[in-house]
Structure formats: C-alpha cells, structure tokens
**Student:** 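Please see the structure below; I have some questions.
Chain identifiers are assigned alphabetically (A, B, ...) following the order of the sequence lines, protein sequences preceding nucleic acid strands; residue numbering begins at 1 within each chain.
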2 protein chains.
Amino acid sequence: MGSSKLHIYNDEINEIAAMAKVFAHPARVAILNYISRQEACICNDLVDEIGLAQPTISQHLKVINEAGLLKGSFEGKSICYCLNIERFNYFQKKLNSFFKQTKLNCC
Amino acid sequence: MGSSKLHIYNDEINEIAAMAKVFAHPARVAILNYISRQEACICNDLVDEIGLAQPTISQHLKVINEAGLLKGSFEGKSICYCLNIERFNYFQKKLNSFFKQTKLNCC
DNA sequence: ATGTATTATTGCAATATTACGATATTATAT
DNA sequence: ATATAATATCGTAATATTGCAATAATACAT
C-alpha cells in the first residue's frame, strides 16, 4: 500500500502527472524562476538566493534535471545550469493539450 | 523538518506549486480526463472506471475540489461532478505565464 | 601535494501522501 | 420506519518527500 498504482493508468496520464510533479514543489518553481532571471547561466548562488541548505537544493536540481529540463555545463569548479528550452516547450505543449482535451466535452 | 518551507517563497511561486500538485498524481489526472469524456456531468462510476477503492477516489476528488476545479451538484442520491471551467482556465493561464516568464531571459 | 570552493551523495528524522477497510452520513425508495 | 445506494470520514499501514548534517567527490589554484 501507500505507493501510487502507476500501472492502472495509461502512459499519457502518467506522463502528465510526472511532469506536474516537477513543478509541484515551490523550491523547484523558485529554482526555475531564478534561472529565468539570470542573464547567462547560473551556478551556485541558488543556496543563498532561495534559503535552503546546499544538499536540499542539490536534491531539487536533481529532480528537475532528471526530468530533462536542465542543460548543465562545467565552468571551472562550479556548474552552470541552464534551461533546456526544447524540453521545457514540450512540457508546456503537453500540459496545454491536457487542458484543451479536458475542457473539450465538459458540461 | 520534512515539511515544505512555504514561507520562504513568494505567493506567486507557492500558487504555481499548489496548482501543479493537483495534477501531480495520475489518479487526479485520470479523474479530470474521465470527466472530460462524459457527455454530461459524472457521478460515481469513477470507482469502476479507474480501479481504486471508493474512499481513495473520494480523497482525490476532495483534493481536486479544494483546488476549486469542481462544480458538484446533487442529483438524487449521487453527486454529479463537473469541471469548473473558469477556474480550470485560470490554472491554464497561470501555468502558461509561468512557462512564458521562465523562458524569457534564458540563455 | 595541499588547500579551497563547489557540487553530489549518504544517512536519517520529520512530515506528507497514497491506499483501503470499516464505519458514518446522506438521500431516495418502498 | 426500513432498506438500499452513493459518498464522506476515520483510522491506520505503507511509501514517498522534504530537509539537513556529515561526508565524499570534483576541479581548480598555489
């Protein structure tokens, strides 16, 4: 018990839920938001900026990264994270078609 | 520990995360999807359709409802749920502006 | 080689979520 | 009043998530 029964849903539905999960924590929204406000790529300062411990930020970055939303590149001793626009657009497209389809036959 | 530190983020960010959370479980996506496939409003049959126990469906419906996404009306001994289109559109609009803003200054 | 700065991983405690059986509630029908 | 059907709530077990201290790994500089 306790764990989500993913096998009873189709891939389409599981994909939407998995994508939403990435944005379902404010720290991850804030991280993406911070990335967007930077001229170039960002590196560390998320820890100072957001106010969570470094391991916590690293953990959230991992979730975002594993969803394919980041392009990281090494710049000296730090890592420069950058949004993977193509993937981000894919998320937007998929979520919008979920919205569209859900509204379609509604009363 | 363990709980999300909501107070360190601004309202905008917490709202996005809260909205995403609604869609972050496949059962809730499936419920909304099923509603969309019905001619009129729906009632029970979610339990048969989705394959989770009745209390579990009820719990997920509560989450969707507390997010303001449902319009329920009593029809005899059952309840007819229906999508609250206005609220649903608001979700879509907010999420899209998050996408837009995030892409804005990206490298 | 040693030191320093950045990021990742490990381990663990606190909390949240998911799922369901049992039971209560609500609304109709007989 | 009693039975029936639909939905909600309660209690609880299993699992997941969040957050952080401690530590490891990585990359550069001296």
**Student:** Rounded to the nearest angstrom, tell me the gap between atom CD1 in A/Ile64 and atom P in D/dT18.
**Tutor:**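 After rounding, the gap between these two atoms is 11 Å.
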**Student:** Please state whether the phosphate of C/dT15, meaning OP1 or OP2, lies under 4.0 angstrom from any side-chain nitrogen or oxygen of B/Ser3.
**Tutor:**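 Checking B/Ser3 against C/dT15: no side-chain N or O falls below 4.0 Å of OP1 or OP2.
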**Student:** Between B/His25 and C/dA19, is there a side-chain N or O to OP1/OP2 distance below 4.0 Å?
**Tutor:**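 For C/dA19, OP1 or OP2 has a side-chain N or O of B/His25 closer than 4.0 Å.
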**Student:** With sequence neighbours left out, what residues match A/Lys93 under salt bridge (Lys or Arg N to Asp or Glu O under 4.0 Å)?
**Tutor:**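 Result, salt bridge (Lys or Arg N to Asp or Glu O under 4.0 Å) vs A/Lys93: none returned.
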**Student:** Side chain of B/Ile79 only, please: which of C/dG21, C/dA8, D/dA8 is the nearest?
**Tutor:**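 Shortest atom-to-atom distance from the side chain points to D/dA8.
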**Student:** Need to verify one output field. Residue with the more 5' nearest nucleotide on DNA chain D, B/Ser4 or A/Gly2?
**Tutor:**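 Looking at DNA chain D, the more 5' nearest nucleotide goes with A/Gly2.
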**Student:** Do other residues, nucleotides or ligands put more than 12 heavy atoms under 6.0 Å from the CD atom of A/Glu15?
**Tutor:**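 Yes, enclosed.
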**Student:** What is the distance, rounded to the nearest whole Å, between atom CG of A/Asp48 and atom P of C/dT7?
**Tutor:**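 Rounded to whole Å, this separation is 11 Å.
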**Student:** Check this one for me: any side-chain N or O of B/Lys5 less than 4.0 Å away from OP1 or OP2 of D/dC20?
**Tutor:**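 B/Lys5 to D/dC20 OP1/OP2: side-chain N or O found under 4.0 Å.
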**Student:** Under 4.0 Å: is that the gap between some side-chain N or O of B/Tyr81 and OP1 or OP2 of D/dA8?
**Tutor:**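 B/Tyr81 to D/dA8 OP1/OP2: side-chain N or O found under 4.0 Å.
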**Student:** B/Arg28 has an atom CZ; how far is it from atom P of C/dT17, in whole Å?
**Tutor:**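 Rounded to the whole Å, the gap is 9 Å.
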**Student:** If I take atom CG in residue B/Leu70 and atom P in nucleotide D/dA8, what distance separates them, rounded to the nearest angstrom?
**Tutor:**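 Result: 10 Å.
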**Student:** Which heavy atom in A/Leu69 sits nearest to a heavy atom in A/Val22, and how many Å separate them?
**Tutor:**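 Answer, listing the atom of A/Leu69 first, then A/Val22: CD1-CG1, 3.9 Å.
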**Student:** Compute the ring centroids of B/Tyr34 and B/Tyr81, then answer whether they are less than 6.0 Å apart.
**Tutor:**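 Between B/Tyr81 and B/Tyr34, which both carry aromatic rings, the centre distance is not below 6.0 Å.
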**Student:** C/dC20 P sits how many Å from B/Lys62 NZ, rounded?
**Tutor:**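 Atom NZ in B/Lys62 sits about 18 Å away from atom P in C/dC20.
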**Student:** Does B/Gln59 make a side-chain donor-acceptor contact with the base of D/dA8, cut-off 3.5 Å?
**Tutor:**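 Checked by distance alone, the answer is no.
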**Student:** Less than 4.0 angstrom between a side-chain N/O of B/Lys21 and OP1 or OP2 of C/dT17, yes or no?
**Tutor:**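 Affirmative; the distance criterion is met.
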**Student:** Between the base of D/dA8 and the side chain of B/Gln54, is one N or O donor paired with an acceptor at under 3.5 angstrom?
**Tutor:**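 Pair found.
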**Student:** Could you tell me whether A/Leu52 contacts a base, only the sugar-phosphate backbone, or nothing, with contacts defined as non-hydrogen atoms closer than 4.0 Å?
**Tutor:**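 Contact class for A/Leu52: sugar-phosphate only.
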**Student:** Using a cut-off of strictly less than 4.0 Å, decide whether B/His60 has a side-chain nitrogen or oxygen near OP1 or OP2 of C/dT17.
**Tutor:**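 Answer is no, no contact under 4.0 Å.
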**Student:** Nearest whole angstrom, please: distance from the P of D/dT7 to the CG of B/Leu61.
**Tutor:**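 Taking atom P of D/dT7 as the reference, CG of B/Leu61 is at 9 Å.
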**Student:** Please report the closest heavy-atom contact between B/Ala67 and B/Arg87, naming both atoms and the distance.
**Tutor:**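 It is O-NE, 2.8 Å.
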**Student:** Does B/Thr56 have a side-chain nitrogen or oxygen under 4.0 Å from the phosphate oxygens OP1 or OP2 of C/dA19?
**Tutor:**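 No, outside the criterion.
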**Student:** Where each residue is assigned the nucleotide of DNA chain C containing its nearest heavy atom, which of B/Gly51 and A/Pro55 is assigned the position nearer the 5′ end?
**Tutor:**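 Here A/Pro55 is the residue nearer the 5' end.
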**Student:** When the distance from CD1 of A/Ile57 to P of C/dA5 is rounded to whole Å, what number comes out?
**Tutor:**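 Result: 20 Å.
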